[in-house]
Amino acid sequence: MPRHSLRAIARHLSRAECEAIAKKVLGFSTADACRVTINSGMRQNTRFAVNQISTAGDNYNNSVSIRAVFGKRVANVSTNRLDDASLRAAVENAERIAKLAPEDPELLPELGPQSYDEPIVWNDGTASLEPEARAEAVRAVTEPARRAGLISTGYLEAQAQAFAIANSAGLFAYQRSTGVAFTTTVRTQDGTGSGWAGAADNDFSRIDPRALAARAIEKAQRSVNPVAIEPGRYTVVLEPTAAANLIQLIAGAVNARSADEGRSFFSKAGGGNKIGEKVVDERVTLVSDALDPRVPANTAGADGLPSERVNWIENGVVKNLAYDRFWAQRTGKAPNSAGGTLSMNGGDSSVEDMIKSTERGLLVTRFWYIRPVDPRTILFTGLTRDGTFLIENGRVTRPVKNLRYNESPIFMLNNVMAMGRPERVSASEAGGPGQAISVPPLKVRDFTFTSTSDAI
């Protein structure tokens, strides 16, 4: 396809187009209740390896999910064909399957019309990003790596998405979002040194590829020929990505039902949950806020519930847990939806200050291969990666071999010695553009490492 015709493709469905599709689907439905969810947009990516682009692509897709309800029986069918015959067939399939499905005793009626704050997660520049701009960003990493005699690899992904939800009870929401993530790993020719850097944002112009390159290159050069050290408990200086790798695990553990049923860290001995109890250092506050300009998100949830600002932990005390509509009704609480974003407050210490004040410890770039061990303590295990260094007498002295940790973010946040300024990071192992998390670098005492690893 000629380049000019590719650029002419509509990158996502408009509000009017989504309204028209939803109206058709609801008009075709004969179910007791019907919900339509529309996801539309583009996904762009550029992958590079051995200091050159290896693959690049632009993907455009529309998907319509139809939920049919008869009594307490429910079924979902999805299609990416938007003509009337295909939409009607999808509705009929959903209704046929729903009539055969077992009853869902926790099924609730559809939400009626809702009010939503205007989201701030859309950026025109990211939505109109072209392959040339992605290639230029990649070149800002590969060229300095090549000049330094190093090998760079990485991945740049951008998305521009439209989301709409409508139902037979009169609800309709339409929102747009953009996101971009850029990560790179740089290694030495002999494979003994490895450095990583990454960033995520909804605005591509706020990603600085040259800064990412400089950081990854410097770590690769400094991490050559690491030495083994004894596992044990160490004072650690966690760069923001490493801190976020663990702090984000708390967001996956704040489910109120799990807490009330005695299945999580937030379960209270003897029954109930820990709302109102102090669980971490009083300097720590964790918030989800879809309208936070550092980490914005859509303000309509997947079921149409409006997102709101939620303080999960405030000054070390549990203030809220996540209540879906069913569990909120069961327990007499208000349901909440937080938009899938997370931020932590910080302090005024720099990473350099933290290092200077450390007699003996470790500087950690990031963690990976993060896996659960015990949900009752939010205990996880994983490995350091791409730049782990020994700190001695206030200086980074030498690289060390990677270490396996067994640690809980709750334990970690009870052992905070210093905090820096929060920044948005790419904190998942996949590093996707939809992630929105902002945390500070941390200095933490008694961080548990259980074994060493020869992996680079």
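Note that these values count all heavy atoms, side chains included, but never hydrogens, waters or copies made by symmetry.
When only modelled atom types and interatomic distance are considered, Asn62 and Ser40 share a side-chain donor-acceptor pair under 3.5 Å. Lys443 and Ser357 share a side-chain donor-acceptor pair at under 3.5 Å. A side-chain N or O of Trp312 and one of Ser288 form a donor-acceptor pair less than 3.5 Å apart. Judged purely by distance below 3.5 Å, without hydrogens or angles, the side chains of Asn51 and Ser152 pair a donor atom with an acceptor atom. Side-chain contact of Gln161 with Ser177: a donor-acceptor pair under 3.5 Å is absent, judged by distance alone. Using a 3.5 Å distance cut-off with no hydrogens or angles, the side chains of Gln44 and Asp58 do pair a donor with an acceptor. Judged purely by distance below 3.5 Å, without hydrogens or angles, the side chains of Arg404 and Thr381 pair a donor atom with an acceptor atom.
The side-chain contact (heavy atoms from CB on, under 4.5 Å) test applied to Ser128 returns no partner, not counting sequence neighbours. Remark: Asp324 pairs with no residue by the salt bridge (charged side-chain N to carboxylate O under 4.0 Å, His left out) rule, at least two apart or across chains.
Distance check: Leu286 CG to Gln248 CD gives 12.0 Å after rounding to the nearest 0.5 Å. Considering CD of Glu282 and CG of Leu413, their distance stands at 12.0 Å, rounded to 0.5 Å. Distance check, rounded to the nearest 0.5 Å: OG of Ser453 to CG of Leu403 gives 8.5 Å. Note that CD1 of Ile165 is 7.0 Å distant from CG of Asn167, once rounded to the nearest 0.5 Å.
Taking the six-membered ring where the residue is Trp, Phe447 and Phe367 present parallel rings, their angle staying beneath 30° rather than reaching 60°.
Asp374 and Arg376 are not joined by a salt bridge, as no carboxylate oxygen comes within less than 4.0 angstrom of a charged side-chain nitrogen. Salt-bridge check for Asp281 with Arg283: passed, with a basic side-chain N closer than 4.0 Å to an acidic carboxylate O. With respect to the salt-bridge test (charged N to carboxylate O, under 4.0 angstrom), the residues Glu423 and Arg294 do not qualify.
No more than 12 heavy atoms of other residues, nucleotides or ligands shown are found within 6.0 angstrom of CZ on Arg210. Crowding of Arg263 atom CZ: a count of heavy atoms from other residues, nucleotides or ligands under 6.0 Å exceeding 12.
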Check: residues 227-238 side-chain donor-acceptor pairs under 3.5 Å, at least two apart:
from, atom 1, to, atom 2, distance (Å)
Tyr234, OH, Glu230, O, 2.5

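The only member of Thr388, Val364, Asp454 that meets side chain to side chain contact (heavy atoms under 4.5 Å, CB included) when paired with Asn402 is Thr388. Tested against Asp386, the residues Arg222, Arg215, Lys219, Arg366 include a single salt bridge (charged side-chain N to carboxylate O under 4.0 Å, His left out) partner, Arg366.
A cation-pi geometry, defined here as NZ or CZ lying under 6.0 Å from the six-membered ring centre and within 45° of its normal, does not hold between Arg176 and Tyr174.
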